[in-house]
Number of protein chains: 2
Amino acid sequence: MATKTRDKPETVDADSATRERILLEAARLFRHHGYAATTLREVADAAGIKAGSIYYHFESKDQILGEVLDKGILAVIDAVQQRVNALPAKATARQRVAAAIEGHLWGLLHHGDFTSANIRVYGQIPPAAKNRHRKIRREYADYWDRLLEDALQRGELRPDASTAIIRLFVIGALNWTVEWYNPQKGSFQDFVKQITSIVFDGTFLREPG
Amino acid sequence: MATKTRDKPETVDADSATRERILLEAARLFRHHGYAATTLREVADAAGIKAGSIYYHFESKDQILGEVLDKGILAVIDAVQQRVNALPAKATARQRVAAAIEGHLWGLLHHGDFTSANIRVYGQIPPAAKNRHRKIRREYADYWDRLLEDALQRGELRPDASTAIIRLFVIGALNWTVEWYNPQKGSFQDFVKQITSIVFDGTFLREPG
DNA sequence: GTCTATACCTCGATAGAC
DNA sequence: GTCTATCGAGGTATAGAC
């Protein structure tokens, strides 16, 4: 029984300590400086090696980018599916979407450098890298669409907004939390509760009448 | 007369046609490639001049960045304040926030290259540029906080979530629309209506009971 | 598996002709 | 007001010693 939800696409020696360190520091630097502005000398320096040594572990800067992007979105997808799959079969749509929100936030905020790097640089990377990454993004969007369509058919979702707009709005709002979430202000569980409540029921009280 | 909503801070010859063209193309390229990845040769090429000529209009790449960032946020602030100030004095808090949402979306989506460049590159620019821009961001956040505090005191806002979290959530969600809004799918007014409704009342129907 | 040294390229910015 | 030409710095990536 494999503990992992997904197979690893990497080759056999793909997860040596320094290799992982390079990815981690690259994610952190991509996040804060952008892809183009991050130099391999900086990455190497942060990882405690010299620039030339990177090329023992990776073929190019582009390959590092690809793996950083994948790590980011896979962390989110994993956390979401784990929580949704753990629900009983008779769970309501609201419970399923709540589980997805919690998973999304957990994956997002607990792998901040990878997920933030993904979100921030995706719109700015070379087209080839974007094309390679597009498929997995599409699959994750489809997963949410199925969740929301199910909620709509069960009569739990608002019928007057399209599920596409709801998905884009909600995922966008969740993604943005990585820009402002502060773990020092209250517990993660409280945070999830507040965000979930706003997503479900909005920010204003219902109008009288 | 100090309370200007829209005086021009530029110098006298600051808005020549080519100068504006440079800013426009720079915004577009910053948006899609990031700040560091955008070369002044590209900007010049897109503006129909040669790289060296840029320095007749600007002192540095950094100065271009600063003006692009300012144009982005000022477009939003202007649109928001115009709509909020146009409301009658007896408007409800809900109406005031609705006006702010519409203004934010309008400024955001009708100056897409400037606003998207602002949002995308802000986290990735040199610290000096970030410090210069921070003040106006803070002022705009304070403006929203006042709107929301007012709504809370009038008993219209949900009392169980902090106004800070609501502001961050809502502005984040609105900002993200620039990544996915498609003007070919329905009118702008319909779009505003849907988004506003989701922000106010959420995505799910109220639970029975 | 990591190092040093370096090839080759492109960057932001400047100088001076027109 | 825009051009050409160029400087010095710093980028990715490679080669070969250890």
Side-chain angles (χ1 to χ4, degrees), chain A residues 10-69 117 121 124-130 132, chain B residues 10-69 117 121 124-130 132:
Chain A
E10 301 92 353
T11 56
V12 194
D13 62 342
D15 51 357
S16 73
T18 47
R19 189 188 150 91
E20 291 300 303
R21 184 81 190 282
I22 291 168
L23 286 173
L24 191 76
E25 299 296 345
R28 190 176 56 79
L29 289 161
F30 290 168
R31 171 182 188 172
H32 293 293
H33 300 157
Y35 174 61
T38 299
T39 72
L40 293 181
R41 296 193 224 273
E42 285 175 314
V43 174
D45 208 44
I49 57 175
K50 298 294 178 182
S53 308
I54 288 183
Y55 288 86
Y56 175 79
H57 300 280
F58 298 93
E59 289 182 4
S60 66
K61 188 182 179 185
D62 220 69
Q63 190 195 354
I64 297 177
L65 172 67
E67 297 203 18
V68 167
L69 293 180
V121 309
Q124 306 177 350
I125 57 179
K130 207 183 259 185
R132 263 181 265 121
Chain B
E10 302 92 353
T11 57
V12 194
D13 61 342
D15 50 357
S16 72
T18 46
R19 190 189 151 91
E20 291 299 303
R21 183 80 190 281
I22 290 167
L23 287 173
L24 191 77
E25 300 295 345
R28 191 176 56 79
L29 288 161
F30 290 167
R31 170 182 189 172
H32 293 293
H33 300 158
Y35 175 62
T38 298
T39 71
L40 292 181
R41 289 171 168 87
E42 284 175 314
V43 174
D45 209 44
I49 56 176
K50 298 293 178 184
S53 308
I54 288 183
Y55 288 86
Y56 175 80
H57 300 279
F58 298 93
E59 290 182 2
S60 65
K61 187 183 179 185
D62 221 66
Q63 191 196 354
I64 297 177
L65 172 67
E67 297 204 19
V68 167
L69 292 180
V121 308
Q124 307 176 351
I125 57 179
K130 207 184 261 185
R132 262 180 266 121

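Since the model is a prediction, treat every value here as computed from it, not as a measurement. So that the names make sense, note that chain A is the first sequence line, chain B the second, and so on, each numbered from 1.
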**OP:** Could you tell me whether A:Ser53 contacts a base, only the sugar-phosphate backbone, or nothing, with contacts defined as non-hydrogen atoms closer than 4.0 Å?
**Re:** base
Original post:
How long is the line joining CD1 of B:Ile64 and P of C:dG12, in whole Å?
Top reply: 9 Å
**OP:** Rounded off to whole Å, could you give me the CZ-to-C1' distance for the B:Phe58 and C:dT14 pair?
**Re:** 18 Å
**OP:** Please report the shortest heavy-atom distance between A:Tyr55 and A:Ser60, naming the atom on each side.
**Re:** CE2-CA, 4.2 Å
Original post:
Please give, in whole Å, the distance from C:dA13 P to B:Leu40 CG?
Top reply: 6 Å
**OP:** Could you tell me whether A:Lys61 contacts a base, only the sugar-phosphate backbone, or nothing, with contacts defined as non-hydrogen atoms closer than 4.0 Å?
**Re:** sugar-phosphate
Subject >> Out of D:dT12, D:dC3, C:dT2, whichever nucleotide has its closest atom nearest the side chain of A:Tyr56 >> reply: C:dT2
**OP:** Compare every heavy atom of B:Ile22 with every heavy atom of B:Ile64, then report the nearest pair and how far apart it is.
**Re:** CD1-CG2, 4.2 Å
Original post:
Atom CG of A:Asp45 to atom P of C:dT4: distance rounded to whole Å?
Top reply: 12 Å
Subject >> Residue-phosphate contact under 4.0 Å: A:Thr18 side-chain N/O, C:dT2 OP1/OP2 >> reply: yes
Original post:
In whole Å, what is the span from the CD1 atom of A:Ile22 to the P atom of D:dA13?
Top reply: 13 Å
**OP:** Assign each of A:Thr38 and B:Ile49 to its nearest nucleotide of DNA chain D by heavy atoms, then name whichever residue's nucleotide is nearer the 5' end.
**Re:** B:Ile49
Original post:
Would you find a donor on one side and an acceptor on the other, under 3.5 Å apart, between the side chain of A:Arg21 and the backbone of A:Ala46?
Top reply: yes
**OP:** Carefully, step by step, assess B:Asp62 and B:Tyr35 under the rule side-chain contact (heavy atoms from CB on, under 4.5 Å).
**Re:** CA-CA 9 Å; B:Asp62 221 66; B:Tyr35 175 62; 3.4 Å; yes
Original post:
To the nearest angstrom, how far is B:Arg19 atom CZ from D:dT2 atom P?
Top reply: 13 Å
**OP:** In whole angstrom, give the distance that lies between atom NE2 of B:His57 and atom P of C:dT14.
**Re:** 16 Å
Original post:
Can you tell me how far C1' of C:dG16 sits from NZ of B:Lys50, to the nearest Å?
Top reply: 18 Å
Original post:
Which atom names give the shortest non-hydrogen contact between B:Arg41 and B:Ala51, and what distance separates them?
Top reply: CG-CB, 3.9 Å
Original post:
What's the closest nucleotide to the B:Arg41 side chain, out of D:dA13, D:dC3, C:dC11?
Top reply: C:dC11
**OP:** Indicate whether OP1 or OP2 belonging to C:dA13 is found under 4.0 Å from a side-chain N or O atom of B:Tyr55.
**Re:** yes
